[in-house]
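Comments concern the structure below.
Proteins come first, then strands; the chains are lettered A, B, ... in the order of their sequence lines, and each starts at number 1.
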Amino acid sequence: MKVPCSWLREFVDTRLSPREIQDALTMAGVEVSSCRYLGEGMEDVVVARILDMGPHPSAEKLSLCRVTDGRGEYRIVCGARNMAAGDVVALARVGAKLPNGVQIGKAKIRGQVSEGMLCSEQELGMAEESPGILILPPETEVGTPLAPAIGMADWLLTVEITPNRGDCLSVQGVAREVAAITGEKVVLPEAAIAGTGLPIGEIASVMVTDTDLCPRYSARVITDVTIAPSPLPIQRRLALCGVRPINNIVDLTNYLLLELGQPMHAFDLDRLALHRIDVRKSGIARRFTTLDGTAREILPGMLLIWDGEGPVAVAGVMGGENTEVLPTTRRVLFESAHFSPASIRVTGRRLGLSTESSYRFERGVDPSGTMYAVDRAIHLLAGWSGFTIATGSFDIGGDREYRRVVPFRPARAERVIGRKYSDRECAEVLARLGFSVAEGAEGKWKVTVPAHRFDIEREIDLVEELARLSGYDTIPTTYPESGAPEFSPDDRFVAEVERASEFLRMGGFSQAINFSFVSGKEWEKHASLLGFQPSDAIMLANPISEDTTMMRPHLLMGLLHNVEGGIRRFQDDLWIFEAGKAFGKSLVEGHFEEPRLAFVMYGRRMAGNWSGGSAPVDFYDAKGVAESILLLLGCEPFHFMPAVSRPFLDPGKSSEIGKDGAVIGWVGAVRRELLSALEIPGAAYYGEIRIQAALSFPRTPQFRAIPRYPPATRDFACIFPVSVPVGDVLAMVRELTPEIRDTEVFDVFTGEKIGAGRKSVAFRVRIQAEDRTLTDADVHSIHTKIVNLLENRFGGKIRTS
Amino acid sequence: MPGTTEQIALLAEEGLRAISSAKTESDLLDAKGRYFGKKGAISEFLKGVASLALEERKRVGAAANEARTNLEAAFARRLEEIREKERRAREGFDRVDVTLPGRAPAIGHRHPISRTLTEIIAIFQRLGFSVRGGPEIEKDYYNFEALNIPKDHPARDMQDTFYIDWPGGDLVLRTHTSPIQIRTMETMSPPVRVIAPGAVYRCDSDVTHSPMFHQVEGFAVDRSITMADLKGLLTEFCRMMFGEGKPLRFRPSFFPFTEPSAEVDIRCVNCGGSGCRVCKDSGWLEILGCGMIDPAVYGFVGYDPEEYTGFAFGMGVERIAMLRHGISDIRLFFENDLRFLSQF
Ligand SMILES: [Zn+2]
């Protein structure tokens, strides 16, 4: 909200400078985000008159003007067309620097000397754009500095009002805050009027049917008014606050809204059927055209203003086209009311309509100020034009008490804030706010809060007022007493993910963070490849773009897009990981979300190493990474098995990872079709681990005696059918006898030499007993068992050479 | 038969010849074994003189010792010569270039958001807080209602919410990690001290707003927690996060679930307070919001507001990372361009 300082000073004659006002308000919780001198850059611009003007001899779009600033005459080349001889204009002489940064120099334009510039509102920083140069009222005194002549020798505050402080959405409200801070007095502006016309009851009637949604409704009628532009200073103030001036009546209601925060509406009384007003809910759905010319769908229950025939306004939101003030209007009914905030908000939201008025009603408008606002409006108008005021007024709900009594204990403030507040300080601060305090027994006070402070209902609200107005900087700095330490499994989760992330970083991976929402369109396009059922997806109801419509079912696509982006940026080796959640529907909870750790490997095994690192990554690189992460997470025992349900991975080069009968992850080559779709050449390998399933409670290692007797090793080279899983072979070898300590594969190959459909596997077995040195006979016997197992169980053939 | 001392002299001479003609370390070791090792010729010779008279044995023993000392010295000299020669020979072709890269995977890079998040968590863990997580798809009740943000209240406008397309329509993407406050307090009695990190979502996208971003929420409830404690804790946090000598200011503000509420500003890290583009000429940067937990919130979780007080605070991780690393466009965090990531 914009507040001109000159307007503010009409309400509080404060000793603070504009900058001091900015700081004081900000530190009291009413943030002033900008404080700007409006005449900035106009110092060198003066009011001048065009003596005469003619065409530029060599440019038909330009004209030559002779202007005077009262002392000298200047020749100016001008590109605008909206001026004429005799006009009063803004002249920037040579040497001036304008608010938009333009420096005026003596120039030759198409061969003609120009000794300055005639300025437009845009060039003066007064408007975003302007059709021509600024033409001032003819009575403006030539030769005076421009800024004061046009009311721009003023400061403009931009105030950010939090949703709880609806009472500050006006010049008066901000002034009250200034006064509460400084202890100065707020002036209540003049509102005296005298009704001399017909009794109001003879020319209009007002009733409120739904008083719960409209507790107060105040109105007066004026007659014999002439619709005309409002005075220039009023128009300028409205413009500064971002409101377009229209005519005296409309400007007046807008001016009052900005000044007092009290929305007001002006009806053309003669367009109200039966000159009647009723406030009641709509019983049926209907169409109604608001004064912006839009037909609105009114739903049953929305509060409307009615005349004798039908709706004339959406209460508190916007008036109707059917009763707006026209140039021909002679009799006006001014109304100011209080409507229930929740009702206005629901109506505004359903209609998709937020106005200056509804914005204020939603946040709470002072119900005690409606009649005063109407009187103030008519008082102001009296200074602009002549009219007659009907005798009397309507004021439904005017006799009600709108102030609130709130209990308060100074001791409670100390308990919450951690600083001593004396009774005197409490009373003084609350008084500055205009609250009246009744100190009671045992430190229990009763504080009466004026009606405009909608936000003060409970003791804690008063504690806040006390704390903010005595200054947060007066609160000491202490440290909380430490409570009992609390164990949370999430501490461990965070630590384990951090460890795995650091491991991946050390292993050459960089970390990505992708959006959790993905393009539903893209996923649907590749649904079968991605193993994705559109019906299982969680969709956003209001996505911000086409690319973010659906919560991701797994992390693959994000990482593949990262690879794709890298390739576009000429990067050859892309090892990327991400820790984030996957989402989907589930039978039990309806939906699930699950933390995952995923990685993609694209490019060379040891990127950029000069010494044999340029082989491309393969399945076993990716599997190794997955294994290491799982070991790090303490996931043992786990096992790798051929992937059956991961269509995004190549079935011949992928694996699922099992633990306790559940799939805890998968790893393998990304399907060629997917890579092609993203224009990724070559192979990419992917792994994804379900972190919660992989995290087991860490086992405490148990000591086993270090073997004292020497080991023996035996190497085996064996040819198997290609389908034999080497992992299974070795597992069974290890289970043969306890003396077999471990096995290690040191060579695997296929090729013509051993024939199609077969593979050669060489491995070493370490044999060691805990209680004795093994004899040659012992080792031989174990060797024989192993050979028998390889040949009989797995169809292996021992290679002799 | 020559005298025994002469024989030793002869053996010593042979030994010296063998040493000086040795070409390699193993030749040399061989010579040592043959002449003056434990089973070498001199030792063997001494075994043969055991029957001599004591006087004679002494003489022979002295001669043998002298011969051994000489041989040892010659051995050591020759060994050094051979090694030196080998070194020199090797240097011609078998020398490392210490400036070539070692053989190890190139180390990757942590995402700056993850780095900042980890740091924030670590600081609060040291200050006695424990981590709690919560769902990102959240019930309206936890994200709004129980945090004192009723339906049809203007405070809902403070956060543009993503709704999940769901029957009943009461699921949202959480707009802050504050729901974890409610979830924690529902299941635990005071004292609680928790930080809740995680991804949050708001319908907003420009240079300083991302539809997904990260937050750390913290809160503590106990019998005697005050706003002064909140000031103390956050002052300590900022000192640890941003370093010494960065003044803070606590400015009154509004959040529906805290009262009194405050925004915390830190002296602009870019200009030091004189005013610049980063701080919009105010000299201050807003870094977090905080306040005393509103009694209305206790009503939703069954805490007695007369017995317990507590505070809560929340900060945007992206905002802090942007300030610390001098990043001006939030969208860079989610493009995952290695040219960006590799700077961290
Ligand atoms: Zn700055």
Which atoms of [X] approach chain B - backbone, side chain, both or neither, heavy atom under 4.5 Å:
X	value
Pro489(A)	neither
Glu502(A)	both
Ala512(A)	both
Phe509(A)	backbone
Arg349(A)	side chain
Arg492(A)	neither
Asp23(A)	neither
Arg605(A)	neither
Glu593(A)	side chain
Thr548(A)	neither

For a 4.5 angstrom cut-off between non-hydrogen side-chain atoms, does [X] reach [Y]?
X	Y	result
Glu236(B)	Tyr479(A)	yes
His111(B)	Leu341(B)	yes
Arg36(A)	Thr158(A)	no
Ile538(A)	Lys585(A)	yes
Thr258(B)	Phe313(B)	no
Gln692(A)	Pro595(A)	yes

What part of [X] gets closer than 4.5 Å to chain A, counting heavy atoms only: side chain, backbone, both or neither?
X	result
Thr161(B)	backbone
Asp294(B)	side chain
Leu234(B)	neither
Ile195(B)	neither
Tyr201(B)	side chain
Val194(B)	side chain
Ala122(B)	neither
Phe213(B)	neither
Ala220(B)	neither

### Task
Among Ala342(A), Ala467(A), Ser501(A), single out the residue with the greatest number of heavy-atom pairs under 4.5 Å to chain B.
Ser501(A)
### Summary
Value for NE2 (His214(B)) from CG (Leu117(B)), rounded to nearest 0.5 Å, stands at 7.0 Å
Is NZ or CZ of [X] both nearer than 6.0 Å to the six-membered ring centre of [Y] and within 45° of the ring axis?
X	Y	answer
Arg499(A)	Phe503(A)	no
Arg363(A)	Tyr359(A)	yes
Lys231(B)	Phe250(B)	yes

### Query
Side-chain donor-acceptor pair under 3.5 Å between Ser33(A) and Glu160(A), yes or no?
yes
### Task
Return yes if a side-chain donor-acceptor contact under 3.5 Å exists between Ser545(A) and Asp547(A), otherwise no.
no
### Residues, nucleotides or ligands: over 12 heavy atoms within 6.0 Å of Arg569(A) CZ
yes
### Query
Can Glu136(B) and Phe583(A) be said to form a side chain to side chain contact (heavy atoms under 4.5 Å, CB included), step by step?
CA-CA 10 Å; Glu136(B) 292 175 23; Phe583(A) 302 82; 3.4 Å; yes
### Audit row: His109(B), Gln511(A), side chain to side chain donor-acceptor pair (under 3.5 Å) steps and yes/no
CA-CA 6 Å; His109(B) 305 275; Gln511(A) 184 177 17; over 6 Å; no
### Message
Sub-4.5 Å heavy-atom contacts with chain A: which residues of residues 162-171 of chain B show up?
### Response
Phe162(B), Tyr163(B), Ile164(B), Asp165(B), Trp166(B), Leu171(B)
